[in-house]
Each structure stands twice: as structure tokens, then as C-alpha cells.
Novice: 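My structure is below; once you've seen it, I'll send some questions.
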2 protein chains.
Amino acid sequence: MTHPLFAKHQSTLERALQTAEQRGYWSAYPEMPSPRAYGETAAADGEAAFKAHLGKSFTLDQPGVGTVGREVSPYGIELNIQYPGFATETLLSAANQARKAWSLASPDTWVGVSLEILARLNAHSFEIAHSVMHTTGQAFMMAFQAGGPHAQDRGLEAVAYAWNELRRVPATAYWEKPQGKNPPLAMEKRYTIVPRGIALVLGCCTFPTWNGYPGLFASLATGNAVIVKPHPGAILPLAITVKIAREVLAEAGFDPNVVMLAATNPNDGEIVQKLALHPDVRVIDFTGSTRNGDWLEQNAHQAHVFTEKAGVNQIVIDSTDDLKGMARNIAFSLALYASQMCTAPQNIYIPRSGIRTPEGTVPFDEVAQAIAASVQKLCGDPAKAVEILGAIQNEGIAARIDEARALGKPVVLDSQTLVHPVYPDARIRTPLLLQLDANTDEAIFTREWFGPIAFVIATDGTQQSMPLAGRIAAEHGALTLSAYTTDAQVADAAHEASVQGNVALSLNLTGGVFVNQSAAFSDFHGTGGNPAANASLTDAAFVANRFRVVQSRRHVPARSTADTPPNA
Amino acid sequence: MTHPLFAKHQSTLERALQTAEQRGYWSAYPEMPSPRAYGETAAADGEAAFKAHLGKSFTLDQPGVGTVGREVSPYGIELNIQYPGFATETLLSAANQARKAWSLASPDTWVGVSLEILARLNAHSFEIAHSVMHTTGQAFMMAFQAGGPHAQDRGLEAVAYAWNELRRVPATAYWEKPQGKNPPLAMEKRYTIVPRGIALVLGCCTFPTWNGYPGLFASLATGNAVIVKPHPGAILPLAITVKIAREVLAEAGFDPNVVMLAATNPNDGEIVQKLALHPDVRVIDFTGSTRNGDWLEQNAHQAHVFTEKAGVNQIVIDSTDDLKGMARNIAFSLALYASQMCTAPQNIYIPRSGIRTPEGTVPFDEVAQAIAASVQKLCGDPAKAVEILGAIQNEGIAARIDEARALGKPVVLDSQTLVHPVYPDARIRTPLLLQLDANTDEAIFTREWFGPIAFVIATDGTQQSMPLAGRIAAEHGALTLSAYTTDAQVADAAHEASVQGNVALSLNLTGGVFVNQSAAFSDFHGTGGNPAANASLTDAAFVANRFRVVQSRRHVPARSTADTPPNA
């Protein structure tokens, strides 16, 4: 008999599996924060629940030592939330205790409990949205969608992939080997799924749930205990997540310490290293800097390490039949959450001789200006602009704008500081657009300039731009590549560059889809094949190593007699 | 249209997929070296083909520098085979050139070519059997079965798992997202399988083909180029394999350098390190010592590293209703290829108070003597014994017997030197059986004593033996665990120990199945969950990381109109 929570969510799971196989559009969780989808009081209840956290101790009934918590809202409101601190050995010891019964539960139990947690998270989408907004700086709509339903979709996707691997292993098998004139050898074999142990999720400060849920749910659905260590700048969204997971686990009869929070204050490098190298930690999911990700890959040998790190996303402009649409689309990609997205474009290559359009060749400067003008238009009205730009997550990102200005390169569009109509202390910046040259500035544009900083880069032509984009993706990492062309041969070259760089390609986006966006069940986020990530969200490789299969075999009476094998 | 070689072998592939899913018995390649299966002249032809290699240069039309080759037959015949040497950069450059067209071929092409290579290898089973025999020391029957059809089955299994992952990724998808009253967003998406690059297979000297084929075929069937570096002591079986692979590749229109041989002389550590750390090498499959395997895991960060290393295989004896059958079965496991198998048992735990049997309690000494007597019986007639024992692969293994004797522990059965009736210079040894104590000798029996060395270990009872076995497997690695008991609760405890140690369990083997044996499509060889191996042969985790998926997306006209989504 399958677990009741599995049965409860089975149709959702089946639909997720089917969609992931066909890779069309589907979402399990409504992306519009509407009363029709979430209930008449959901918005107010969620906001109230968020406000109730402010200035309080966040209660989690897990072993703790002291308190931590120094989150700062990019919108300038006072957070002052305290979380339980922890001692590494105590935390791991509790996780080890909790995982005993959990690891012996069945795959349908792991999956059923995971799906119930996702459903509860969905019901808390408004509370999570406010918590994402006030830790990451995302505008409310994005915080709701990317932090709520889209993150939940990514979690569901991981559960579906996990289930797809788990269900491939039969519980038992009958094995019968013919022996010619002698009776066949017959055995019964049992196959037991054995989770790896304790998994560690290391969150980031810009997309704590969207980037955290795939690893969390892939590990949980394969029977592991999970310790969630949020970025010290964005604890609340994952603390709420952990609290809900623990409630569901307890209701299902498990020790809630199967999922625990490891909250820290800033400058937690030493604590993270200690956790990450502990022999009991067997799986690590990391989102963050290349330096930290590389360190994990090269030092946490006891664990299987999945990383998403920095990269350089690029747009190659060759030609277009819709200059306005192109400029508008690119501008939105640059403005969205002030480019604080791992998928946001940074390098925009334009032939110095201009690009072909139905209206004739448009010079380099005009193309650059078209993009700049579109950005300016999006940012013209601060009240509307802040709903796209959001706020800058931390002072380091704001300082990077100054660092870029100090390069002394021609400024195509300067970054502006806007005043938020509701939050006067919010840290709002519009994109900075600098002009570079492909032949002389490679040292600048092969770095990731995380935040609202982009470069229009003059090239000798598409024949230079395209291989350059492929090579930079391969050497420096990238999660997205975008290309604009009306020429089928150039489209083929873009495909070649994407294959060379192991990077997802978007062609001629001029409408309502943006290169930053990655849809669960359809778009693979990251390929795992360039330095920006060693894994893809989500494929079989992302889940298949999170458990092992232990078999046992013993003789049983043969069902066939000599010389009449059953499989003949 | 699928590739003709895919179509040719499709039914074999389908059967492999089905068997791997149900995990019953099946073999694609006949394990009996009979004229009915292989043709009237196959045995003679194969032997002649083997003899034709002796004293000659093994011709491979690949870029080479000088010659290497110092293989020594454990049976004492002169080999004197010369292979092309190589320069690392030249070899990798040729592989990079060759992999261009290969990586752009389709999954069904990679799989079809791989299956054709396996079919050709099967037709060369006799030639390969002699080459395995005279490099590894295996007796002819084992060399034929394990080196030929069983190795080919393992290769086919890897191809089947690879295909199962490859076919899950659709070539294209239609994605349509409803936009309420506005027209839906519609995109066409393409998904391209991108192989990792160059794969390196590092072979061992005891099962060059059985342990080499899974990695070789998993990488090849996912579109990678493969460099096969055999152990310097067992080059010929893999050289023949590479030659056949290159012939098939060339016939299929590909650059044969997609598969290349990297033969070396003994003490090739520096060469291997250089190869293994090269940035172009993206996948490594290794079978060998823990020291070398750990080094690869901890240093070859640019590659995905699959290892099979040393371990301590164990038998827990609690009780039995067939003492004779048990003793005979264990004795055969110890004698088979003189325990030069990664799956051969080493530690045999017996309660010092004796074991329960239908005839009453049998004392420790009698159980130990029953096993010793059965070994002696198997080895009594040298002519018959050598067909089980084979020869000792190298002098180091023979020396280890002396090292074990020098421990000064009670000798239950001494190792003997036998004279082979056909090969007077063959290095033949029978198993050495020492008596140890669980409470005082752990430092001895937690080491792997590779070769014909085993320990009967007195324990305080099964309640000590079982957790000890589980812990040793978890801490020191193991590929097999065997237990004998008539008690259902003890069988449960054995299951727990196997789960704790992440090791495959065999219960009450008293007949024609031996713990050393691992059947393709049914038995997972290694779990990947203890120090003996970081991967399992074969599961999804073994293949899923050998390629990446690169997608591209572009807008297309929507098939639906506003408010009428196709998936509604």
C-alpha cells in the first residue's frame, strides 16, 4: 500500500513526470497572486504572517545554541529576526538520529511527504513572497512568482525526477539461470534503496528558495536528512520552508530533525567549511560564488557536490526584423531585478559595422542607443520602475556599479539611484551600460559583474561574436546565451556556439519571454557542462547519485524444470 | 531514420533494457565456449589468432611514438608483444579531432556502433579468452566467460542504461503558456545531447575486459571519445578490444581515433597522472588500488571520476542446515582464480562457541576444518585444481602469501605451490587460511589481502559478527557480504549490516551460485556507497553524467488562441 500522502498527490506527480518527459508548459502552482487561486484572505494573511516575524525570535524546535540573525532588508525596513544558532556536532547528531527511521521508510513515503511539504509551501506563498522580497530585494511580483510557485515547481520537478529513478529499481526479482540438463539455478533478489545520509543545502542571497528547493527536495525525496544553511543575508524564506517541512514530517510520524536549519551570521566561512567537510555530510547543493563553489568541489571529497557558480551570460546581435522588440526585450532582461539573476545577460556583442534590419543597416551606436532608450523608458517612472528593478540586495553590488564606472569606458547609459515611493530607504539602482571593444577589453568582459552592469561590445562582425560567445561560455561559464539573427546560417552558428559553450540558447526573443526566465519541466537550468554549474536543474544526473541500491539474494525453489527456461 | 547498426541490434537492446528493469536472468552472449554457439572452427581460430600476436608488434593505425610492452604470462609462456607507445598531447589531439564528427552523430548512431562493437567482440571471444588467460592468469574457462561473454554483457548493460537516459530527452518540444485574454506565448525547443569530451578508461590486471567494458561502453554510447589505458600487465585483451572498436568505427564512417589505446610499460604512474589531469579528459573510469583511486577522486577535478578500489569482503556464519554445502561453496569462492577477484571473500566470522546445525552445535574448529577440507579437496588433483585456481597474476600477490604467513597466526590451511600439467613455469598457489580473533586482530583483517589469503575469525557470537561486518564494509569498503543462518532474525540483521555497509548481500549460498559472481542486468556490482567503489555497475548514476543537454528555444506561432490552452 502506498503512503496516503503519496496517494493524495499522485496526480500532481504523474503530471509532473509527463511534462518533464514532453517538456511542454505546465505549472503545478498558480503564478498569479490572485484571490481566485489562493483564497480571498491569502494576501492579507500572508503579509500579516510575514510581519509577525519581524523583531521576533523565529521558533524552531531543534537543538540550538544561542541566536543568530543579521538580515537587512534592501527596502530599508527593520527586520531584527533572531534564529536559533547551532553547534555543528549537535546538529549533525540530531540529523543522524532523525534519519534512521526516515531512511528506512519507503520511496513512496519520501515522495509523498515531499509533495505534501510543497503543497503547504504553496499555501504559504504570500508569506514567503514578503520574506523573499525583504531579504533579496526582489519586487513583490517577482518575489511571489520566483520565490513561491516557480520555486515550488522546481522542487516538484526534483521530486518527480527522484521518483522516476526510485521507481526504476524493483523491490524484488526472480532470477533463474538454466543449467542444461540440470535443474536451473533460482534466486530471489531484493533491492533496497539506501539514501546517502545527510545532505547540506547552501543557499544564496538572491534566490534562496528557487535555487534552494531543487537540492532540498531531490535529497529529501531520496530519503536523506537535509540541513539547510541559508545565506546569512536571506534566512527567513528558508527558515519558513524548514518550519513547514518539519511540521509535515512530524505529522507524518517522523522526527522533524530530518530537515533542520543552520542559520548563521555574516562571515560564516569557517562554519560552512566545517559543516561541508564533515564525514557525515554526503551530498552538498551549493549556489554562490565561483571561489566557494570551486573550494567545495575540490575539498568536500566525502560528499557528492552540486554547484551553481558565476558565469558570463551573453547576447549576440547579428540582425533582426524587429529592432524595437529586440531592444525592449533586452532592456527588460537588464532591468529585471536589476540583473541580480544568474541568468541575466551581461555582454551584448554588436558588429561595429552595424546590423541588418528590414529598414537597412543600423549602425552600432544606434543599436546601443535603442537598448539604452528602452532601459530608460522602463525606468522613467520610479513608481513603475521599482516593480521591475526591485532593490539592490547588498552594498557590495551597489559598489560594483562604481567600480565599473571607474573603468573609464564610454558610458552608453548611466546607472541612476531611484527613490522608492513606499520605502524611502530602499537601495534602488538602474542598469549601467558601458561600451567595450571585443579586441581590447576581454579582461573586463570575461569577468562576471553581478548586478545592474552590462556591456555593449563592438566586434568585427558576427563571425567574431559567435565563436567568442561560445569560447567565453566554455571557459568562464554561462547559464544563458541569446542571439538575434534573421539568417539561418547564423542561427546554426549560434547553435554551434551554444554546444561549444554547453549553454542554453534563446533565439530572437522580442516578445513576452525573456532570456533570464527558465521554466520548470521544460527548460534545463544550467547544463553542468561549463564552469557556471556542474549540474543541471533538473536531470537524472541531479538525482541518481543521492541514493544507492543494496541488494540481497538467496536461493528459492525453481519455477521451471531443467531445459525449460521461463524466458526461452 | 535510425542508424542501420541500431536497427540491426535493436532487439538485443530492447531485451537488455527489459531485463535490467525486471532484473531476472538473461545473457546476450553464450557463456559456453561451444562449437554450437560459436561455430565449429571458432576455438581453433581464436587460439591461432592469439598465438599470432606472440612475439609481434600489435598493429594499430593510431599516432604513436616508439613501442612499449612488457607483459608476462602468469603461465610462463613467452609473450613479447609490442604495442605503439604514445605522447600524451598527440594522443589527445587525435582524440579531439576524431570526437568532433562523433559527438555530432545521433544517440542511435553511438548506440548502434557500440552494439556492433560488442557483437564483434563476442565473435572474437576465443582470441580474447586466451589473451585474458595469459595476462591475468585466469584459467581458460573463466577467461572465456568472465573475459568474453560476461564482460560483453556488462558492456551491453552500460549501453542499455546509456540509451535509457539518452532516449528520455526529446529532440524537440512545443511549449505554450496561456496568457489569459492575450494570445499564448508559444515556443519551439530543441534539445541536443552534448557528450563531455574525452573519456579515459584505466584498466586493471585481473579483469581487464570485465571491469573495463562498462566505462568504455558507457562513455562511447554517450558520444564521447575514449582512450583506453590498460594495466601494463594486461594490455592484450584491451588492445584487441580497441582494434575491433576502431574497425567498426572506420566501417561506420568515423575516424577510428574515437577509440585509442594508451599502452604503457610498468611503473607508468607519471604518465597516468599526466593523462588523468589533462583538461580535455572529462570522464575517468578506474579499477585498481585504493591509493590510486583516491588520488584520482581528489585530484582529477576536471573530470567525473568513477572508481572501483580495494575492499574487505566478508562471510558471517551464524548457523546452517547444510554444513557440507556451505563449506563446499565457501571453498570454491576461495579457490576460484585464487581469490584474485574484487568480490572474493576474505574474512569469515565464526562464533567461538560454534554454530547451530540440524546435527547440533558444531564447534568453531570443526567449521574452520570443514572449509579447509573442502579447499583441500578442490586442490587435491593439480590437473583439476589449476582449472579453478588459475595462476597468480604477479609476484607481488605470491609474496603477499608469505607476508601473511609471517604474521605468525595459527595456520588452518597452508598455501601450496602446484605444478601446472601443461605450463611448467606457471605460478600456481592454493589458498592460505589463517585463524584470527575478532577482539585482537582487527588491524590485520581490516586490510585487503588481495590474493589467495583468507581468515577464519573467532567472534563472541553473531551479535558481534554482524555489526562488525557492517562497520568494516562501511569504513574499509566491500563489494560482497555473505551470511549463513537458519534464523529469520539473524537474516534481518544481515540485511541491516548490508544496508549499513552499503554492500550486496548473499544469503545461504550452498549450491551453484558463488558470492564472487555478479550477473549483468540483475546484480548491481558495487553500490558506490562504501570505500570499495564510488559507482555501481550499472545504474543511472553511472551513465547520466557522461553527457549534457543543451537546449535552444525560439518563438513559433501559437497553436491555440487566447483562453483555450491545449493542456486545459
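These numbers were taken from a predicted model, which means no experiment stands behind them.
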Novice: Which bit of A:Thr527 comes within less than 4.5 Å of chain B, counting heavy atoms only: side chain, backbone, both or neither?
Specialist: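 Both backbone and side chain.
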
Novice: Relative to chain B, which segment of A:Arg196 carries a heavy atom at a distance below 4.5 Å: side chain, backbone, both, or neither?
Specialist: side chain

Novice: Counting heavy-atom pairs closer than 4.5 Å to chain A, which one of B:Asp294, B:Leu481, B:Val499, B:Asn508 comes out on top?
Specialist: B:Val499

Novice: Determine the sole option in B:Phe547, B:Trp163, B:Tyr161 for which the side-chain contact (heavy atoms from CB on, under 4.5 Å) test with B:Thr222 is passed.
Specialist: B:Phe547

Novice: Using a cut-off of under 4.5 Å for heavy-atom pairs, which of B:Val549, B:Asp523, B:Asp539 has the most such pairs with chain A?
Specialist: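 Among the listed options, the one with the most contacts to chain A is B:Asp523.
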
Novice: Below 4.5 Å from any heavy atom of chain A, which atoms of B:Asn534 appear? Answer side chain, backbone, both or neither.
Specialist: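 For B:Asn534, the backbone is the part near chain A, not the side chain.
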
Novice: Does B:Arg546 make a cation-pi contact with B:Phe542, if we ask for NZ or CZ under 6.0 Å from the ring centre and within 45° of the axis?
Specialist: yes

Novice: Can you list the steps and then say if B:Arg553 with A:Leu505 is a side-chain contact (heavy atoms from CB on, under 4.5 Å)?
Specialist: CA-CA 6 Å; B:Arg553 56 183 185 181; A:Leu505 172 68; over 6 Å; no

Novice: Measuring heavy-atom distances to chain A, does B:Gln500 have an atom under 4.5 Å in its side chain, in its backbone, in both, or in neither?
Specialist: neither

Novice: Are a donor atom and an acceptor atom from the side chains of B:Ser27 and B:Asp153 found within less than 3.5 Å of each other?
Specialist: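 A pair is found: one side chain offers a donor N or O, the other an acceptor, under 3.5 Å apart.
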
Novice: Given side chains that start at C-beta, do those of B:Glu176 and B:Ser560 come closer than 4.5 Å, heavy atoms only?
Specialist: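 With C-beta onward as the side chain, the pair touches.
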
Novice: Would you call A:Glu21 and B:Arg167 a salt bridge, using N to O less than 4.0 angstrom?
Specialist: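 Result for this pair is no, no salt bridge flagged.
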
Novice: Given heavy-atom pairs under 4.5 angstrom as the criterion, report whether the side chain, backbone, both or neither of A:Tyr191 touches chain B.
Specialist: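 For A:Tyr191, side-chain heavy atoms alone lie under 4.5 Å from chain B.
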
Novice: Contact part of A:Glu297 toward chain B, heavy-atom cut-off under 4.5 Å: side chain, backbone, both or neither?
Specialist: backbone

Novice: Quick check on A:Lys189 against chain B: is it the side chain, the backbone, both or neither that has a heavy atom closer than 4.5 Å?
Specialist: side chain

Novice: If we only count heavy atoms from C-beta on, is the A:Leu277 to A:His301 side-chain gap below 4.5 Å?
Specialist: no

Novice: Is it the side chain or the backbone of B:Val503 that comes within 4.5 Å of chain A heavy atoms, both, or neither?
Specialist: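 It is the backbone, since no side chain atom gets that close.
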
Novice: Examine whether an atom of B:Gln298 lies under 4.5 Å from a heavy atom of chain A, and if so say whether it belongs to the side chain, the backbone or both; otherwise answer neither.
Specialist: both

Novice: Find the one option among B:Leu185, B:Val543, B:Val513 whose heavy-atom pairs under 4.5 Å with chain A are most numerous.
Specialist: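 Max contact count across the listed options: B:Val513.
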
Novice: If you count heavy-atom pairs under 4.5 Å between each of A:Lys177, A:Arg554, A:Arg190, A:Arg282 and chain B, which one has the most?
Specialist: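 Highest number of pairs under 4.5 Å: A:Lys177.
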
Novice: What verdict does the side-chain contact (heavy atoms from CB on, under 4.5 Å) test give for A:Phe514 and A:Leu509, after you've listed the backbone C-alpha separation in whole Å, the side-chain angles of each residue and the deciding distance to 0.1 Å?
Specialist: CA-CA 7 Å; A:Phe514 305 96; A:Leu509 297 184; 5.5 Å; no

Novice: Using heavy-atom distances under 4.5 Å, tell me whether B:Thr192 contacts chain A through its side chain, its backbone, both, or neither.
Specialist: side chain

Novice: Would the distance check show the side chain of A:Glu188 and the main-chain N or O of A:Thr172 forming a donor-acceptor pair, the cut-off being under 3.5 Å?
Specialist: no

Novice: Less than 6.0 angstrom from the centroid, inside 45 degrees of the normal: does B:Arg23 satisfy that with respect to the ring of B:Phe524?
Specialist: yes

Novice: Under a 4.5 Å heavy-atom cutoff, which of B:Ala483, B:Gly501, B:Ala20, B:Gly529 has the most pairs with chain A?
Specialist: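 Sorted descending by pairs with chain A, the first entry is B:Gly529.
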
Novice: Do the numbers put B:Arg15 on top of the ring of B:Phe521, so that NZ or CZ is under 6.0 Å from the six-membered ring centre and no more than 45° off the axis?
Specialist: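 Not flagged: B:Arg15 not positioned over aromatic ring of B:Phe521.
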
Novice: What residue, out of A:Met32, A:Glu165, A:His495, has the most heavy-atom pairs lying under 4.5 Å from chain B?
Specialist: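 Sorted descending by pairs with chain B, the first entry is A:His495.
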
Novice: Would you please test A:His525 and A:Leu479 for side-chain contact (heavy atoms from CB on, under 4.5 Å) and show each step?
Specialist: CA-CA 7 Å; A:His525 176 74; A:Leu479 292 177; 3.8 Å; yes

Novice: Among A:Val169, A:Thr19, A:Val194, which has the most heavy-atom pairs under 4.5 Å with chain B?
Specialist: A:Val194

Novice: Which one wins on heavy-atom pair count under 4.5 Å against chain A: B:Arg548, B:His304, B:Arg168?
Specialist: B:Arg548

Novice: Can you tell which part of A:Met187 gets under 4.5 Å to a heavy atom of chain B, answering side chain, backbone, both or neither?
Specialist: side chain

